[in-house]
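Have a look at the structure below before the remarks.
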Amino acid sequence: MAEEFNLEGMLDTYLFENEQLLEQLQEIVLDQKDAECFDEDSINEIFRTMHTIKGSSGIMMFDNVTAISHKLEDVFYYLRESHPENVVHADLVEHVLQVADFITAEMEKIQEGSPADGDPAAIIAELDSFLENIKNGAVEEGKELPEENVSEEPKHFYIAPVANSASRFYKIYINFFPETEMANVHAYKTVYSLKEIAEDLLYEPEDLITDASSIDAIMEDGFRILLQAQCSEEELRELIKVGYDIEKVDIYECKAEEFLQGFDFGEHPVVGIDLESSAEEIEAKVMKAEEAEEKKEPPKPKMAPGDFVIKSKEPGKHKKLAKDKQRGAKDSFISVNVKKMDQLMDLIGELVISESVVLQNQDLKVPGLNLTNFNKAAAQMAKISTDLQNVIMSMRMVPLTNVFQKMNRIVFDVSRKLGKDVEFVMVGEHTEVDKNIIENISDPLMHLVRNAVDHGIETNEERADSGKPDRGKITLSARTEAGKVWISVEDNGKGLDREKILDKARKQELLDPSKPDSAYEDKDVFQFITLPGFSTNEQVTEYSGRGVGMDVVVQNIQSIGGTLDIESNLGMGSTMTLKIPLTLAIIDGIVMETGNSSFVVETGVIKEFVSVTEDMMIHEPTGEEYIMIRGECFPVLRLGDWYGLEEYHKNVEEGMMLIFEVEGKTICLLVDRLIGKQEIVVKPIPSYIKKVKGISGCTQLGDGSIALILDPVGLIE
């Protein structure tokens, strides 16, 4: 069972690390997709990425991933060594993304428990052809080709020592972070990366994969490597970098005799030298230490390599060799199963409900009870509960960066296929939202971005004819406001044609015959395109024209309490804005009653509470009502009339007026009475209940009753 567990842990580590590497790879490629060529740093980074994926895939025996990774590594090895000028950058970008897509698809299969059985032969053949063309061009120009990038099976890493005058010898000591999982796999990957440059390579522990105890040995004693190679210390540190797994790397260059002594890393005397001393004093101290060494065998120092480091004094002063002080605490991270996070969030929700049940218990309302101590304890419990919610919510908040990067890739792919020149700009991609929100907005965003490229941006010829810049532009932006995140997809394309949409709506009998076209606001007209089966695209393409997509966007957004706003100017472009809650879990709300029904509204949208008199009201013959407050006139909505409730207060002086301000609009909501402020656990409306305008969910109150959560946007519209 232990072996099975280890294998599963290795697989999780493999998938997690490769996912991070592929995201970084795609980000590098898309950032430089419009450049003339990849810069040197990017070429080196892509080479290292593919080398790492090749090595880890070889360890896990995913041969197809190993093969395709090695082939792309070959390409970037040649680019790195030869710096050819006859490289078609756009084709290279497509090849890299093609390889990334293949590996991603294989990893998804592995994650689902299916075999990674994809055939990379076709992609490898294309890469071979691409590389051959580059090499042929170099030969024609009389350039010398570098040595082949030979790949060996990751089985045996001991290489027979063949030293020459250029050989250098190193003792390497690696410490991993205490929270690093599967340290043996990380150590194995380090060895694999050194194999390419090694003339002689030994490491301890020796059995990294099959011996589970090697993990404990590495974490307790560190990972030690003896290396003979023709490289500098700087080149070594490029291959072995401090990162999220490796905390510290010590590299010592030594003589061949010391190298042959093996893994006893503690035999070199460490001499404390004050670099502020003169050269003569330093030399005298060293000579004295060496003489003492010859007279007696010193005890092994009780310190690890790297205990003595060069520490900087004040800026501009000299340096001195001093004992390394303990570093400050670092942030540490662990991977947590999302299902466990969801379960924890559900438990927090139940805790909030239970807290309300306790604090609103009818037994506490008995006259004469002294509740001083109880109230103090309850206040402390409420504070801890709130802090706990905040911590859990912060754990679930993730940036939109990855989602935005995926949209960048979609713009690149679709624009290439359609032959359009499109620039993609991201704004506010570091905005954080709840993980569940991200899962629900990926598909809607994909539809909006595709539509913007296919349906919004004109062809290059059309843009030239209309005097627009040759290059189209799509801007994806995010910002937070009043407990909601606003995500906009803006293009500078042809915009929506109001008349064309009205004609289509008339043919589908969506317009009121008694209502003139001028009575429809632009906002209402543009909403027609979100209806199922509605499309103004005359030609069906791979990406649009079937009348599906926008209705899916609206359904998905509404399912999480969001809305879609559409703004457009004909000939100038369109802006599609998603307005969605930051979280779906717990909100601060005001509980109120109208008739025999309870309602809740989020505190963030309430501007103020007002007690009104009848003389402040204005009654229109059409039945509409308004109220004058401090010289301003606002529309009034009676909640009892809106939902057809019984036994509610019709006299405004007996009720309470709530002033909502949402998206620049103001409305006054008349309710019977306010109950109080309460933390609300948001629950979705059951699927068997028809969607009701102005209701976004429900919650359980402290007395066990159910309250409906109001959606102010739905009430205003």
Are more than 12 heavy atoms from other residues, nucleotides or ligands located less than 6.0 Å from atom CD of Glu567? no
Would you check if there is a donor-acceptor pair between the side chains of Ser488 and Thr577 at a distance under 3.5 Å? yes
Quick one: do Asp491 and Lys473 make a salt bridge, cutoff under 4.0 Å? no
Within a reach of under 6.0 Å around CD of Glu653, are more than 12 heavy atoms found that belong to other residues, nucleotides or ligands? yes
Is it true that, when you exclude Glu614 itself, more than 12 heavy atoms of the residues, nucleotides or ligands shown sit nearer than 6.0 Å to its CD? yes
Quick one: list whatever passes side chain to side chain contact (heavy atoms under 4.5 Å, CB included) with Ala378, sequence neighbours left out. Leu359, Phe374
Using side-chain heavy atoms (C-beta onward) and a distance below 4.5 Å, is Leu710 in contact with Leu639? yes
Please identify each residue that fulfils side-chain hydrogen bond (donor to acceptor under 3.5 Å, both in side chains) with Asp524, with sequence neighbours left out. none
Mind checking side-chain hydrogen bond (donor to acceptor under 3.5 Å, both in side chains) for Asn375 and listing every partner two or more places apart, or none if nothing turns up? none
CE (Met572) with more than 12 external heavy atoms under 6.0 Å: no
Contacts of Glu625 that satisfy side-chain hydrogen bond (donor to acceptor under 3.5 Å, both in side chains) - sequence neighbours left out: His619, Arg638
Taking everything shown except Asp346 itself, do over 12 heavy atoms lie less than 6.0 Å from its CG? yes
For Arg630, is there an ion pair with Glu608 - N to carboxylate O distance below 4.0 angstrom? yes
Is it true that the NZ or CZ of Lys607 lies under 6.0 Å from the centre of Phe660's six-membered ring and within 45 degrees of the ring axis? no
Salt bridge present between Asp503 and Arg506 (N-O < 4.0 angstrom): yes
Give me the atom names and distance for the closest heavy-atom approach of Met407 to Ser442. CE-O, 4.1 Å
May I ask you to test the Ile529-Ile501 pair for a side-chain heavy-atom distance under 4.5 Å? yes
With sequence neighbours left out, the residues meeting side chain to side chain contact (heavy atoms under 4.5 Å, CB included) with Pro399 are Thr401, Glu432
What is the minimum heavy-atom distance between Gly493 and Lys468, and which atoms define it? O-NZ, 2.6 Å
Heavy atoms of other groups near Glu620 CD, more than 12 under 6.0 Å: yes
All side-chain hydrogen bond (donor to acceptor under 3.5 Å, both in side chains) counterparts of Arg498, not counting sequence neighbours: Asp522
Nearest heavy-atom approach of Tyr626 to Val636 is C-CG2, 3.8 Å
For the pair Glu593 and Arg673, find out whether any cationic side-chain nitrogen is under 4.0 Å from an anionic carboxylate oxygen. yes
As an exercise, state the distance from CD1 of Ile348 to OG of Ser385, rounded to the nearest 0.5 Å. 7.0 Å
